[in-house]
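Beneath this line is the structure, given in structure tokens, with notes to follow.
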Amino acid sequence: QVELMESGGGSVQAGGSLRLSCKASGITYVSVCRAWFRQAPGKERERVAAIWSAGGDADYHASVKGRFTISQDNAKNTMFLQMDDLKPEDTAMYFCAVTACGSKYYVFAPQYKYEFYGQGTQVTVSS
């Protein structure tokens, strides 16, 4: 049984930082793509960042480039999202996701479908 568990969400003021973590269990794929998605009320879910387990290649949504950093610890099946210089428009429920991924090129495909999602962690940024 696959389980993804996020942690690290919370409330901060604009300009602040948060670090999200996602621990995965039950994943048996040799190579995976790991990603963070977010969804704000009334808006569609969007992919914030993604990373390839085998090579560490990463991709970011234009709105977070230079502010967010995705990273991973393959040995611990854990992924992270360091969020700096947070803005009120970053307020959303953040979800981690994992899927089988045999090539780094899928990291650069925002519409690539992910198989497993966590329950989400809320991030709220006040102005």
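Just so you know, residue 1 is the first one in the sequence shown, and it goes up from there. These numbers come from a predicted model, not from an experiment.
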- Run the side-chain contact (heavy atoms from CB on, under 4.5 Å) check on E46 and H61 step by step: do they pass? CA-CA 8 Å; E46 63 182 8; H61 192 278; 3.5 Å; yes
- Message: As a quick check of understanding, evaluate side-chain contact (heavy atoms from CB on, under 4.5 Å) for L18 and V123, giving each step before the final call.
- Response: CA-CA 8 Å; L18 285 173; V123 172; 3.9 Å; yes
- Message: Between M79 and S21, does the side-chain contact (heavy atoms from CB on, under 4.5 Å) criterion hold? Intermediate values first, please.
- Response: CA-CA 6 Å; M79 59 192 287; S21 299; over 6 Å; no
- Message: As a quick check of understanding, evaluate side-chain contact (heavy atoms from CB on, under 4.5 Å) for R67 and M83, giving each step before the final call.
- Response: CA-CA 6 Å; R67 300 188 298 119; M83 305 185 293; over 6 Å; no
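Here the shortest heavy-atom pairing between P88 and A14 reads CD-CB, 4.1 Å. Between G120 and M93 the shortest heavy-atom distance is C-SD, 3.7 Å.
For the atom pair NZ (K43) and CD (E89), the distance works out to 8.0 Å, reported to the nearest 0.5 Å. How far OG1 of T121 is from CH2 of W36: 7.5 Å, rounded to the nearest 0.5 Å. Rounding to the nearest 0.5 Å places CD of Q119 at 9.5 Å from SG of C96.
In the hydrophobic clustering of ILVMFWY residues, with side-chain heavy atoms under 4.5 Å counting as a link, V64 and L20 come out together. By the rule that hydrophobic residues join a cluster once side-chain heavy atoms approach within less than 4.5 Å of another member, I51 and V48 end up as members of one cluster. Two different hydrophobic clusters hold I70 and V98 under the rule that ILVMFWY side chains link at heavy-atom gaps under 4.5 Å. A single hydrophobic cluster is not seen to contain both V107 and Y114; linkage of ILVMFWY side chains at heavy-atom distances under 4.5 Å, directly or through other members, places them apart. In the hydrophobic clustering of ILVMFWY residues, with side-chain heavy atoms under 4.5 Å counting as a link, W52 and Y60 come out apart.
Ring pair Y94/F68 is tilted by interplanar angle, where 30° to 60° counts as tilted.
N74 places a side-chain N or O within donor-acceptor distance of the main-chain N or O of S53, the cut-off being under 3.5 Å. Side-chain atoms of Y112 never come within 3.5 Å of backbone atoms of T99 as a donor-acceptor pair (strictly under, hydrogens ignored). Looking only at distances, no side-chain donor or acceptor of T91 sits under 3.5 Å from a matching main-chain atom of T124.
For the pair R47 and F37, the NZ or CZ position fails the cation-pi test of under 6.0 Å to the six-membered ring centre and within 45 degrees of the ring normal.
The six-membered or imidazole ring of F95 lies away from that of Y117, with a centre-to-centre distance of 6.0 Å or more.
Residue F108 qualifies as enclosed at atom CZ: its count of foreign heavy atoms under 6.0 Å is above 12.
Residue pairs meeting the disulfide bond (SG atoms under 2.5 Å apart) criterion with at least one member in residues 98-127, sequence neighbours excluded: C33-C101. Residue pairs satisfying the salt bridge (Lys or Arg N to Asp or Glu O under 4.0 Å) criterion with at least one member in residues 6-32, sequence neighbours excluded, are absent. Note on residues 78-88: pairs passing side-chain hydrogen bond (donor to acceptor under 3.5 Å, both in side chains), not counting sequence neighbours, are S17-D84, Q82-D84.
Here the side chains of D73 and F80 are in contact, with some heavy-atom distance below 4.5 Å.
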